[in-house]
Novice: 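Here you go, one structure.
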Amino acid sequence: MKIASFNINGIKARMPRLLEWLEETRPAVACLQEIKTQDEGFPADEFHKLGYHAIWHGQKGFNGVAILADGSTPVEIRRGLEGEPEDEHARYLEADIFGVRIACIYLPNGNPVPGPKFDYKLRWMERLRTRMREIAAEEVPALVIGDFNVIPFDHDVWSPAAMADDALMQPQSRDAYARLLGDGWSDALALHNPNGGVWTFWDYQAGAWQRDHGFRIDHALLSPELADRLVACGVDKAYRGREKASDHAPVWVQLRRD
DNA sequence: ATGGCTTTAAAATAAAGA
């Protein structure tokens with residue numbers, strides 16, 4: 001069973017790429033980030049034609065997450081994180097599907113540093129940690145997957161110096177990410193690529209794709225109950241090179257069925 | 001480059017992204 005994540009950077013602009021990726025790679029579950037549409041604009045019918053059922057949490061203009069499942073509708077557990085009632089960003093959607101608890105996340109970018117956006121990022125990470133500890137306490141097979149907007153280690157970026165001032169690799173961001181792993185969650189891509197060098201994002205600017213100037217910010221974290229079912233994981237890198245591509249490539253984990 | 005693209009929203013620029 002393959003579960004994938006794709007920051008698509010605008011579902012309206014990306015539909016041709018998104019549909020062909022679903023048809024060609026056929027994940028059992030696809031978690032989407034940055035759909036950038038309000039709920040009423042979500043193209044559920046287009047996914048239905050391919051056999052995918054969806055739940056989504058949209059917002060006008062930016063953010064927005066969705067979970068698609070092949071032949072079955074995800075059972076929504078919650079949308080949004082607790083702890084900040086005035087926060088209306090659509091960044092968190094959690095559901096049960098195929099016996100796995102799946103949280104699809106779009107963690108705040110946090111630039112510029114310092115500033116209110118970086119403060120929001122760090123608060124959001126602590127709110128996420130609170131929820132992940134609750135999920136872990138349920139002792140269910142669980143996967144938290146999506147765009148974490150954190151470069152965990154220097155070997156996860158083409159040039160640590162070039163990104164040194166960026167919110168994605170500040171020590172506070174990395175420490176908050178490390179605390180998630182410290183609670184028992186496993187970073188699938190990191191486990192299978194201990195030497196780093198795996199990218200999931202290439203900027204649109206400055207020929208970053210052509211020069212392979214990327215970094216790893218899309219992650220899949222497995223609960224202890226799921227970690228021993230991981231058989232493979234990877235990045236669908238070629239999709240970054242297609243016409244009208246997202247600036248992220250899809251990431252996926254292959255899990256043994258129970 | 002305090003922004004070299006790109007998307008959205010909306011009507012010419014501006015916000016947001018990473």
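Treat the numbers as computed from the prediction; the structure is a model and nothing was measured.
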Novice: Could you check how far CG of A/N9 sits from C1' of B/dA18, rounded to whole Å?
Specialist: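 Whole-Å distance recorded here is 11 Å.
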Novice: How many whole angstroms separate atom CD of A/E243 from atom P of B/dC5?
Specialist: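 After rounding, the reported distance stands at 16 Å.
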Novice: Write down the distance between CD (A/Q33) and P (B/dT8), rounded to a whole number of angstrom.
Specialist: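 To the nearest whole Å, that distance equals 16 Å.
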Novice: Name the nucleic acid region contacted by A/A13, choosing base, sugar-phosphate or nothing; use a 4.0 angstrom heavy-atom cut-off, strictly under.
Specialist: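 A/A13: backbone/sugar contact only, no base atoms under 4.0 Å.
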Novice: Quote, to the nearest angstrom, the C1' distance that separates B/dT7 from B/dA18.
Specialist: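 Result for the C1' pair: 14 Å, nearest Å.
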Novice: Determine the Euclidean distance between corresponding C1' atoms of B/dC5 and B/dA1; express it in Å to zero decimal places.
Specialist: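 B/dA1 and B/dC5 have their C1' atoms separated by 13 Å.
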Novice: For A/M15 and B/dT7, give me the distance from atom CE to atom C1', rounded to whole Å.
Specialist: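 So the CE-C1' distance, A/M15 to B/dT7, works out to 16 Å.
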Novice: Testing A/T25, A/D236, A/I3 one by one against A/W252 for a side chain to side chain contact (heavy atoms under 4.5 Å, CB included), which residue passes?
Specialist: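 Per the side chain to side chain contact (heavy atoms under 4.5 Å, CB included) rule, the option paired with A/W252 is A/D236, out of A/T25, A/D236, A/I3.
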Novice: Specify the residue among A/T37 and A/L107 whose closest nucleotide of DNA chain B lies further upstream toward the 5′ end.
Specialist: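 Here A/T37 is the residue nearer the 5' end.
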Novice: Take atom P in B/dG3 and the same atom in B/dA14, then report the distance between them in whole Å.
Specialist: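 13 Å, rounded to whole Å.
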Novice: Quickly work out the A/H213 NE2 to B/dC5 C1' distance and round it to whole Å.
Specialist: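 Answer to the nearest Å: 16 Å.
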Novice: Provide, to the nearest angstrom, the distance between the CD atom belonging to A/E40 and the P atom belonging to B/dT8.
Specialist: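 About 15 Å, once rounded to whole Å.
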Novice: What is the distance from CD1 of A/I11 to P of B/dA9, rounded to the nearest Å?
Specialist: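 A/I11 atom CD1 is separated from B/dA9 atom P by 12 Å.
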Novice: Name the pairs: protein N/O against N/O of nucleotides 14-17 of chain B, kept only if under 3.5 Å.
Specialist:
| residue | atom | partner | partner atom | Å |
| --- | --- | --- | --- | --- |
| B/dG17 | OP1 | A/R91 | NH2 | 3.4 |

Novice: Distance between the C1' atoms of B/dA10 and B/dG4, in whole angstroms?
Specialist: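 Comparing C1' positions in B/dA10 and B/dG4 gives a spacing of 25 Å.
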Novice: Heavy-atom contacts under 4.0 Å between residues 156-164 of chain A and DNA chain B, which residues?
Specialist: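 Contacting residues: none.
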Novice: For the ring-ring contact (aromatic ring centres under 6.0 Å, His included) test, which of A/Y106, A/W124, A/F62 pairs with A/H89?
Specialist: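 When A/Y106, A/W124, A/F62 are each tested with A/H89, the ring-ring contact (aromatic ring centres under 6.0 Å, His included) holds only for A/F62.
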